[in-house]
Amino acid sequence: MNPYNHKDIEQKWQKDWEEKGIYKVSDEVPGKENYMALVEFSYPSGNLHVGHWYAFAVPDIFARYKRMQGYNVMYPMGFDAFGLPAENAAIKLGRDPKVWTYEHMETMRNQLRSMGAMFDWSREVVSCDPAYYKWTQWMFTEFLKNDLAYRAMTKVNWCPKDMTVLANEQVHDGKCERCGSEVVQKDQAQWMLRITKYADALIDDLKELNWPEEIKSAQKNWIGRSEGSEIEFQIKDSEAKIKVFTTRADTLFGVTYVVLAPEHPLVEVLSLNVKNQADIFSYIDESKKKSELDRQQNKEKTGVRLEGVFAINPANGEDVPVWIADYVLAGYGTGAVMAVPAHDERDFEFARKYNLSIKRVIGGNTNHGNVPTEYRNDPSHYLKNIVTAKDFCFTEDGPLMNSGDFNNISSQEARTKITEFVGGKLVKTYRLRDWGISRQRYWGVPIPIVYDPEGNAHPIPKEHLPWLLPTDVDHTPDGTSPLARSKELFERTEKIFGAGWKPEVETMDTFVDSSWYFYRYLDPKNTEAFCDKEKMNKWLPIDLYMGGAEHTTMHVLYSRFWTKALKDIGLVNNTEEFIIRRNRGLILGPDGNKMSKSKGNVIDPDEIVQLLGADTVRMYLAFMGPYGVTTNYPWDPNGVVGVRRFLERVWRLKEKVKDVNYQTKTPVLLHKTIEKVSEDIEKFKFNTAISGMMILLNFWEKEEVVPIYSYKIFLQLLAPFAPHMTEQLWHELGESSSIHLSTWPKYDESLTQDDEITVVVQINGKVRAELLVPVDIEEAEVIKLAVTNEKILPWIESKEIKKTIYVKGKLVSIVL
RNA sequence: GCCGGAGUGGCGGAAUGGUAGACGCGCUCGACUCAAAAUCGAGUUUCGAAAGAGGUGGAGGUUCGAGUCCUCUCUCCGGCACCA
């Protein structure tokens, strides 16, 4: 027998497939339905790691299965090729970001080919290609025309020494991670995209999508719609009013102070006449150094009181003190809150720390917002008077004191009524903010804007797109965008638009590139449109989108927004393009930690492919655990050898294959296996699909002869997992066309049933015996067998049987 | 802190509310071998000689029956808007 030589086999078939073009996808195949299976395209970091294999090779199993089932499947690949690492290579190594990126892509293409995936490379999409970003730019100008893009000031983390904007993750304890300088919050003009316009649609349209609930919840919570009230607190002896946002207007009678965010515009006005002005200014300075994340984190709450300033509670006319505290965020709601320490955990903590009054509102439906139980249940802990249900309730004329029963209305009704009573209004707010896309970076899509001599912004007309990224730039950071130093860009602008015109020097966030790349796969070479509408009709919406859990709230949400915006402009047909979304987990190092060079636990897939073959690596990754859940799996060097062993046993089994009809129990087990493998693949449970095939193999190894017909079906089941080896065996058995073009086997329902089954007998929930019975046995019969079973008799003798339960084909439960 | 997820043998994991641990790894013993590797066979949740009992992060609850459902809780992982 020829040995299983994975290197020869894999090379041979990869070459053959490419020559025959069996993975080339047409837009239409008569009699076949189109199916688009999408995986997130890859950043060209330079080297394929195991995570890439997990992301691309395992979904390839599913794509191949769908194809054998008779679908015309597109499983495309491309590169998300703009981004910071290329720019860092420029800064640190003096490399040209473009050359660096294209070299990496070439390496990765070759590595990707070694997977034996069914990528159609003729559809490849590269986001840094001007032919692609022309359309990114064009869409931006369309957004601008449709009031979906605008310019606004936002706060950014700024390192004064490095003169650069920092991501939150680059700021540690308020200091720059590179140089340790104190980071400040700086105002920066940015191009913004109006994602908040779609906040409701982004929540409401989730209903129609076949996504796991956890992904939907994560997005809903990220958008953070809350329905509440805006209520004004007049400042005592002043015309000024503080507008607060609250979801708990029903607790208005429990307000004991009001808090403003340090950035709130009223702070400046109100602090003019207070005694502790110096404290206030120093507090504001301190809070400017903190990032938003720091401010929300589990650190002790801080604040400072505006001495002598009181706000008037519109519900009862009480004076309450006004504080400034950075646990209130300027960007959320109105940047001011009414504090009800008895019903809100954060207010409670703050009130305890600064010894402020705590006043409780009691009513049947008034919840306590996580305030600790001992305070909830023991009124003696409250520092001030308690407002009880009897003190106020609502009638049609508004709140009345000392009458009626507050418990009769829901807290939502209470909120509505009290809001009306104090002249506030019901509003919706969102945690979601508009999307700032300006970056002071080089390696990104140039924002297609020019400024006239008066400084007004104008979109660059379509005929001048792509608006090319200039190449004459110095990458050394100096606080300005690298494009600001391109002579060519400024000259080009003046040449086209006239003297005194200046280009925008910022580039776009790379999430913009990845918001629409899937459209381009359908029509990657089109120079007239980003994608032909007819082709969209044929392929969209996308049947399946698999990707990393880390993209749940950002990339996937941005993409959904992009589709909705394009739909409103009339450029696409659907409001949602991802019918099914599945997230995957991570592959960890053998030590259970995230792979990293510093930990020395990195697995190099190229090495293992050399040693054991691509089929083994694909299959091991599929075997580790269910796909489409966010569990992380450690790479086990022994485990991968076990899978290799399985493939070798399949290889060796061909020695037993005979052209006979003689079969023992094979038909039942074979048809059960077809059923199991098919169902498990549908559910992304590739691990149990493989285990099903192992069980069949284990059985056959004990047989003298394996019928050729059955073995070929087995190879077809295995083909999506181990495409090279099965192709080889398929041809050795005399087939001349590719196994991957063959049709997925069907199982015969009648052949998946055994005639005898095991029924267990439980006594008070404990298994005491097993019965082997005919599959169609009647309940009375099986119970008779159970109570007369010799293992059961000692347990039930001299006891009364209270009841018996028969679960068909499973168990008899005897209750004593 | 907020949002989302996950905890089952030595390890990865399996299990429509119905025999917990399929399948694989590892390990133990045996066969083959001068020997080793490879391969094949048997065994492998814990305690116990056995009968049996315990056991799915922890504490309660619902049920004839709970890994699965409910309440509370602990630990770990992912995301938090300029990494992608």
Side-chain angles (χ1 to χ4, degrees), chain A residues 40 42-43 45 80 82-85 88 156-157 164-170 188 190 195 212-222 224 292-299 327 345-346 431-441 509-511 513-514 548-555 557-558 583 585-586 588 590 592 594 620 623-626 629-643 645-646 648-649 652 685 687-688 690-695 698 701 758-770 802-805 807 809-816:
Chain A
E40 287 155 1
S42 177
Y43 182 78
S45 52
D80 187 10
F82 275 131
L84 264 187
N88 289 336
V156 293
N157 301 311
T164 182
V165 178
L166 299 173
N168 277 336
E169 66 157 21
Q170 296 173 298
Q188 174 107 35
Q190 277 218 72
I195 188 172
E213 276 311 310
E214 63 263 24
I215 302 183
K216 292 187 181 182
S217 320
Q219 290 207 350
K220 273 184 213 163
N221 291 325
W222 178 263
E292 203 166 292
L293 194 59
D294 281 338
R295 283 169 59 167
Q296 290 171 73
Q297 246 149 19
N298 191 21
K299 291 177 183 148
Y327 76 93
E345 203 178 13
R346 290 157 306 177
R431 207 186 69 99
L432 183 71
R433 306 194 293 251
D434 274 341
W435 176 13
I437 61 158
S438 296
R439 300 289 182 270
Q440 291 72 50
R441 312 278 185 212
D509 180 4
T510 54
F511 276 123
D513 309 330
S514 57
E550 70 276 17
H551 291 299
T552 303
T553 46
M554 300 193 64
H555 159 64
L557 200 69
Y558 287 141
N583 285 347
L586 295 174
L588 307 173
K594 220 170 159 175
Y620 173 60
F623 187 56
M624 291 205 289
V629 295
T630 57
T631 315
N632 301 336
Y633 304 111
W635 179 275
D636 177 0
N638 288 317
V640 71
V641 173
V643 170
R645 212 136 57 198
F646 166 75
E648 284 181 9
R649 285 162 59 204
R652 258 182 274 133
K685 297 190 67 170
N687 56 332
T688 50
I690 293 170
S691 129
M693 291 187 276
M694 286 173 167
I695 290 168
N698 289 345
E701 281 182 335
T758 304
V759 166
V760 299
V761 185
Q762 291 186 344
I763 293 170
N764 289 343
K766 292 220 176 266
V767 177
R768 299 296 180 190
E770 289 180 4
K802 288 204 188 104
K803 86 176 159 177
T804 57
I805 296 154
V807 180
K810 293 270 175 165
L811 61 74
V812 173
S813 183
I814 298 169
V815 185
L816 297 178

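Keep in mind that the numbers below use all heavy atoms, side chains included, and drop hydrogens, waters and symmetry copies.
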When the [atom1] atoms of [M] and [N] are compared, how many Å lie between them, rounded to an integer?
N: B:G54; M: B:G48; atom1: C1'; value: 11 Å
N: B:U19; M: B:U28; atom1: C1'; value: 27 Å
N: B:C77; M: B:G52; atom1: C1'; value: 40 Å
N: B:C23; M: B:U44; atom1: P; value: 12 Å
N: B:A49; M: B:A38; atom1: P; value: 35 Å
N: B:C69; M: B:U16; atom1: C1'; value: 14 Å
N: B:U46; M: B:G21; atom1: C1'; value: 13 Å
N: B:U8; M: B:G58; atom1: C1'; value: 15 Å

Applying a 4.0 Å non-hydrogen cut-off, can you work out what [X] is touching in the nucleic acid: base, sugar-phosphate, or nothing?
X: A:R645; result: sugar-phosphate
X: A:H551; result: base
X: A:I805; result: base
X: A:L811; result: base
X: A:I763; result: nothing
X: A:T804; result: nothing
X: A:E770; result: base

Taking the minimum atom-to-atom distance to the side chain of [X], which one of [options] wins?
X: A:R652; options: B:C40, B:C64, B:G24; result: B:C40
X: A:D509; options: B:G78, B:C82, B:G4; result: B:C82
X: A:E214; options: B:C82, B:G5, B:C64; result: B:G5
X: A:P634; options: B:G12, B:G26, B:A84; result: B:G12
X: A:N687; options: B:G18, B:A14, B:A84; result: B:A14
X: A:F511; options: B:G12, B:A14, B:A84; result: B:A84
X: A:T510; options: B:A84, B:U16, B:G26; result: B:A84
X: A:D636; options: B:C25, B:A84, B:A81; result: B:C25
X: A:V165; options: B:C82, B:G12, B:A81; result: B:C82
X: A:V767; options: B:G18, B:A20, B:A81; result: B:A20

Does [X] place a side-chain N or O at less than 4.0 Å from the phosphate oxygens OP1/OP2 of [N]?
X: A:N698; N: B:G24; value: yes
X: A:T552; N: B:G79; value: no
X: A:N221; N: B:G4; value: yes
X: A:K766; N: B:G54; value: yes
X: A:K685; N: B:A15; value: yes
X: A:R439; N: B:C82; value: yes

Inset, instruction - Measure distances between side-chain N and O atoms of A:R431 and base N and O atoms of B:C2, and say whether any donor-acceptor pair falls under 3.5 Å. - result: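 No, no donor-acceptor pair under 3.5 Å.
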Expressed in angstrom and rounded to an integer, what is the separation of [X] atom [atom1] from [N] atom [atom2]?
X: A:R649; N: B:G41; atom1: CZ; atom2: P; answer: 8 Å
X: A:Q762; N: B:A66; atom1: CD; atom2: C1'; answer: 12 Å
X: A:K594; N: B:C76; atom1: NZ; atom2: C1'; answer: 14 Å
X: A:Y633; N: B:G13; atom1: OH; atom2: C1'; answer: 8 Å
X: A:N632; N: B:A6; atom1: CG; atom2: C1'; answer: 9 Å
X: A:R768; N: B:G65; atom1: CZ; atom2: P; answer: 14 Å
X: A:K810; N: B:A15; atom1: NZ; atom2: P; answer: 12 Å
X: A:E550; N: B:C82; atom1: CD; atom2: C1'; answer: 17 Å

Inset, instruction - For B:G57, measure the glycosidic angle (O4'-C1'-N9-C4 for a purine, O4'-C1'-N1-C2 for a pyrimidine) and name it syn if it falls within 90° of 0, otherwise anti. - result: anti
Does the [X] side chain pair with the main chain of [Y], one donor and one acceptor, at a distance under 3.5 Å?
X: A:D434; Y: A:I195; value: yes
X: A:N583; Y: A:T630; value: no
X: A:Y620; Y: A:D636; value: yes
X: A:N764; Y: A:L816; value: yes
X: A:E40; Y: A:G548; value: yes

Can you tell me the base-pairing partner of [N]? Count Watson-Crick or G-U wobble geometry only, both distances below 3.5 Å, and say none if there is no partner.
N: B:U62; answer: none
N: B:U56; answer: none
N: B:G7; answer: B:C74
N: B:G41; answer: B:C29
N: B:A35; answer: none
N: B:C80; answer: B:G1
N: B:A20; answer: none

Legend entry - Short side-chain donor-acceptor distance under 3.5 Å, A:R431 and A:N221: no
For the student: nearest non-hydrogen atoms of [X] and [Y], plus distance:
X: A:K594; Y: A:L586; answer: CE-CD1, 4.1 Å
X: A:Q219; Y: A:T552; answer: NE2-O, 2.9 Å
X: A:Y43; Y: A:F82; answer: CE1-O, 3.4 Å

Inset, instruction - Apply the test side-chain contact (heavy atoms from CB on, under 4.5 Å) to residues A:F623 and A:F646: give CA-CA distance (whole Å), side-chain angles for both, the deciding distance (0.1 Å), then the verdict. - result: CA-CA 12 Å; A:F623 187 56; A:F646 166 75; over 6 Å; no
Legend entry - Residue whose nearest RNA chain B nucleotide is more 5′ - A:M554 or A:I690: A:I690
Legend entry - A:A549 vs A:P626, nearer the 5' end of RNA chain B by closest nucleotide: A:P626
